[in-house]
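Report on one structure; see the data block that follows.
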Amino acid sequence: MRFDVVTLFPELFAPFLTTGITRRAYSSGAVDVHLFNPRDVASGNYRRVDDRPFGGGPGMVMMAEPLDKTLDVIAAERGHRAKVVLFSPIGQPLNHTVVQEWANSDGAILICGRYEGVDQRFIDAHVDAQISIGDFVLSGGELPAMVLLDAVARLQPDVLSDADSHHFDSFNPALDGLLDCPHYTRPEEWAGQGVPEVLLSGHHINISRWRRDEQLRLTVRYRPDLIAAARAAGLLTVKDEALLASIAIMTG
Ligand code: 9WO
């Protein structure tokens with residue numbers, strides 16, 4: 001798949017694209033990321049990409065024309081027009097389902113806004129989807145773009161080793177939509193704290209049950225909505241329900 005990122009700060013992406021377990025996805029082209037700076041197609045000696053807002057007020061607005069010209073450059077490279085995504089707090093909230101949809105797509109054009117915002121006429125003319133990563137305001141759309149790319153890249157086959165496979169993540173169907181259990185590694189005692197005895201027992205059935213119980217405990221406590229969803233989807237077993245009932249009794 002191909003993602004074209006439109007940003008005034010392409011240099012922000014270099015360390016991100018060349019570091020960590022997702023590097024392979026980008027370097028192999030499984031997630032082929034191309035960076036475009038609207039300044040490169042902006043006109044005039046000053047190559048302006050922003051201007052003052054009509055109606056007055058603080059800050060600057062990204063001009064429609066350099067963004068539009070950048071889409072033309074991308075269309076010429078791709079041979080067709082791809083979906084255009086803008087990152088903004090009014091967008092669709094990003095979650096695992098949305099990530100999976102993009103991971104199963106052939107990519108998109110990601111517009112990273114800066115300044116006070118993007119000329120609305122560009123949005124009306126070209127933007128197909130807006131995505132939010134949360135109810136807060138940032139100084140640009142670059143971090144949200146990296147959030148989407150990272151989440152998509154780690155879903156690619158062969159990105160993760162078995163040891164850190166996403167098959168064991170929270171929000172993966174294999175975890176039945178429950179939060180992941182706690183993890184421990186060496187040393188066996190650290191800062192006066194041990195490791196749950198069962199994890200040292202080598203008894204794999206008991207370990208599996210303990211992990212499932214911890215998932216259920218954590219999910220009840222922090223995300224009870226996910227318990228309801230897992231139950232509605234028929235993903236909870238009789239043993240799961242027994243554990244949940246015992247928690248309900250203990251906590252009143
Ligand atoms: C900001 C904004 C705020 C309220 C309603 C609509 C809005 N659109 C934008 C917008 O496009 N902002 C641009 C990108 C320019 C200013 C910095 N930008 C931005 C994106 N700040 N915060 C985000 C963002 C994106 C996704 N999820 C959370 C925050």
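The analysis underlying the following values was restricted to heavy atoms, covering all of them including side chains, and did not include hydrogens, waters or symmetry mates. Counting from 1, the numbers follow the sequence of the chain as shown. Quick caveat: nothing in here was measured; it's all calculated off a predicted structure. Remember, it's 1-based here, ligands and their atoms both numbered in the order they're listed.
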With nothing but distance in play, are any N or O atoms of F136 less than 3.5 Å from an N or O of ligand 1? no
Counting each atom of ligand 1 from 1 as listed, which ones have a heavy atom of S132 under 4.0 Å away? 26 (C), 27 (N)
Okay, side chain of R121, backbone of M63: is any donor-acceptor separation there less than 3.5 Å? no
Is there at least one pair of N or O atoms, one from G117 and one from ligand 1, spaced under 3.5 Å apart? no
Can D176 and R212 be counted as an ion pair, charged N to O under 4.0 angstrom? yes
So, the side chain of E77 versus the backbone of V73: is there a donor-acceptor pair under 3.5 Å, distance only? no
When you compare the side chains of Q100 and N104, does any donor N or O come within less than 3.5 Å of an acceptor on the partner? no
Honestly, for D135 the part within reach of ligand 1 (heavy atoms, under 4.0 Å) is neither
Distance from atom 27 (N) of ligand 1 to nearest protein heavy atom, with residue and atom: I133 N, 2.8 Å
How far is atom 24 (C) of ligand 1 from its nearest protein heavy atom, and which residue and atom is that? P89 CD, 3.8 Å
Please list the nearest protein heavy atom to atom 20 (C) of ligand 1 with its residue and the distance rounded to 0.1 Å. F87 O, 3.6 Å
Please confirm whether the backbone N or O of D225 pairs with a side-chain atom of R223, one donor and one acceptor, at under 3.5 Å? no
Salt-bridged, R211 to D213, with N to O below 4.0 Å? no
Using 30° and 60° as the class limits, which term best fits the ring planes of H34 and F36: parallel, tilted or perpendicular? parallel
Heavy-atom contacts with I131 under 4.0 Å: which atoms of ligand 1 show up? List them by number with element. 26 (C)
If you count the atoms of ligand 1 from 1 in the order shown, which ones are under 4.0 Å from a heavy atom of G113? 13 (C), 14 (C), 15 (C)
Considering only protein heavy atoms, which is closest to atom 6 (C) of ligand 1, and at what distance to one decimal place? I90 CG2, 3.5 Å
Among protein heavy atoms, which lies nearest atom 16 (C) of ligand 1, and at what distance? Y115 O, 3.0 Å
Just verifying a value: how many Å separate D32 CG and D106 CG, rounded to the nearest 0.5 Å? 12.0 Å
Between C112 and ligand 1, which residue portion shows a heavy-atom distance shorter than 4.0 Å: side chain, backbone, both, or neither? neither
Report all side-chain donor-acceptor pairs from residues 130-145 shorter than 3.5 Å, counting only partners two or more places apart or in another chain.
{"from": "Q130", "atom 1": "OE1", "to": "S88", "atom 2": "OG", "distance (Å)": "2.8"}
{"from": "S132", "atom 1": "OG", "to": "G134", "atom 2": "N", "distance (Å)": "3.0"}
{"from": "S132", "atom 1": "OG", "to": "G134", "atom 2": "O", "distance (Å)": "3.2"}
{"from": "E142", "atom 1": "OE1", "to": "R114", "atom 2": "NE", "distance (Å)": "3.0"}
{"from": "E142", "atom 1": "OE1", "to": "R114", "atom 2": "NH2", "distance (Å)": "3.1"}
{"from": "E142", "atom 1": "OE2", "to": "T7", "atom 2": "OG1", "distance (Å)": "2.6"}

Would you kindly specify which portion of L138 sits under 4.0 Å from ligand 1, judged on non-hydrogen atoms: side chain, backbone, both or neither? both
Going by the atom numbers of ligand 1, which of them fall below 4.0 Å from some non-hydrogen atom of S139? 17 (C)
What protein heavy atom sits nearest atom 28 (C) of ligand 1, and how far away is it? G134 O, 3.4 Å
Which option wins on minimum heavy-atom distance to atom 18 (N) of ligand 1: G91, G140, P93? G140
When you check the gap from the basic side-chain N to the acidic O, do R209 and D240 get nearer than 4.0 Å? yes
Report the part of R114 in contact with ligand 1, treating N, CA, C, O as backbone and CB onward as side chain, heavy atoms under 4.0 Å; options are side chain, backbone, both, neither. backbone
Heavy atoms only, cut-off 4.0 Å: how does S88 contact ligand 1, side chain, backbone, both, or neither? both
Less than 4.0 angstrom from a charged side-chain N to a carboxylate O is my criterion; do R81 and D72 meet it? yes
